[in-house]
Amino acid sequence: MGFNIEEIEGVNTDRQPPTAVQAEEFWRRTLTWAREHPDAPAVREVERLAEYLQLIRSGQRVEWDRRRLDPIPTVSWEGDVVLLSPELADTAAPEYGDFVAGNILDRPLPEILRDAHRLRFVRDFLTGLDRCQAECEFFDFCRGAQAANRYFENGDLTTTLTGARAVATSMRWPIWIW
């Protein structure tokens, strides 16, 4: 199972995001629960963190670094393909062609993915990833956040600061876990 923490995205602009204290308490309790219930379904975020720590601590950084960015292709009911974050589907953003990379009724998905690097929003997101890698102490683990967070929180895919990073920085995430 996975947790999609409520965020300020799209039409969800009314709720305040969790404070660093609330986020830390949530993850502390989630980790405690996961340890106390080893036969329960795995928690995606806990498994990812455990895998990261295991690989890094065992000298297998190369294995972690081989992980590629998942373009997360999302196909709308009309066949439009949106990349990088499902939350961007049906988002009006003329400067980014509404985040549509192509349509599977016109072109096969592998072809759309092959040409994705030519899209402005993908290039801007990759620029942001490069900036994150250069500036953020948590990049090694998080790999630069999600495109939807960047866009909805800052209106810019090249940005490096998101609410998740701000909370992680204030908590010293993921250091406090182990």
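All heavy atoms count here, side chains included; hydrogens, waters and symmetry mates do not.
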Within residues 89-127 or reaching into it, pairs that qualify as ring-ring contact (aromatic ring centres under 6.0 Å, His included) - sequence neighbours excluded: Tyr96-Phe99, Phe99-Phe121, Phe99-Tyr151
Those residues that, when tested against Gln60, pass side chain to side chain donor-acceptor pair (under 3.5 Å) (two or more places apart): Ser58
Residue list, side chain to side chain donor-acceptor pair (under 3.5 Å) with Thr158, at least two apart or on another chain: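 Partners of Thr158 by the side chain to side chain donor-acceptor pair (under 3.5 Å) criterion, ordered by chain and then number, come out as Asp156.
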Donor-acceptor pair, side chain of Ser85 and main chain of Leu88, under 3.5 angstrom: no
Whether Asn103 side chain and Val81 backbone form a donor-acceptor pair below 3.5 Å: no
Heavy-atom pair of closest approach, residues [X] and [Y]:
X      : Y      : answer
Ala42  : Glu47  : CB-CG, 3.5 Å
Ala89  : Thr74  : CB-CG2, 4.5 Å
Pro73  : Leu109 : CB-CD1, 4.1 Å
Ala147 : Leu84  : CB-CB, 3.6 Å
Leu157 : Arg150 : O-NH1, 3.1 Å
Leu83  : Ala101 : CD1-CB, 3.6 Å

Just to verify, what does [X] make a side-chain contact (heavy atoms from CB on, under 4.5 Å) with, not counting sequence neighbours?
X      : result
Asp140 : Tyr52, Ile56, Arg61, Trp64, Asp65, Arg143
Thr32  : Glu36
Ala40  : Trp33, His37
Arg107 : Glu111, Ile112, Asp115

Distance (rounded to the nearest 0.5 Å) between [X] [atom1] and [Y] [atom2]:
X      : Y      : atom1 : atom2 : value
Asn154 : Asn149 : CG    : CG    : 9.0 Å
Asp80  : Asp98  : CG    : CG    : 9.0 Å
Gln133 : Thr160 : CD    : OG1   : 13.0 Å
Leu53  : Arg48  : CG    : CZ    : 11.0 Å

Linked, directly or transitively: Phe152 and Ile72 (ILVMFWY side chains, under 4.5 Å):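 Phe152 and Ile72: separate clusters.
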Arg131: salt bridge (charged side-chain N to carboxylate O under 4.0 Å, His left out) partners, not counting sequence neighbours: Glu135
Non-neighbouring partners of Asp124 that pass salt bridge (charged side-chain N to carboxylate O under 4.0 Å, His left out), sequence neighbours left out: Arg120
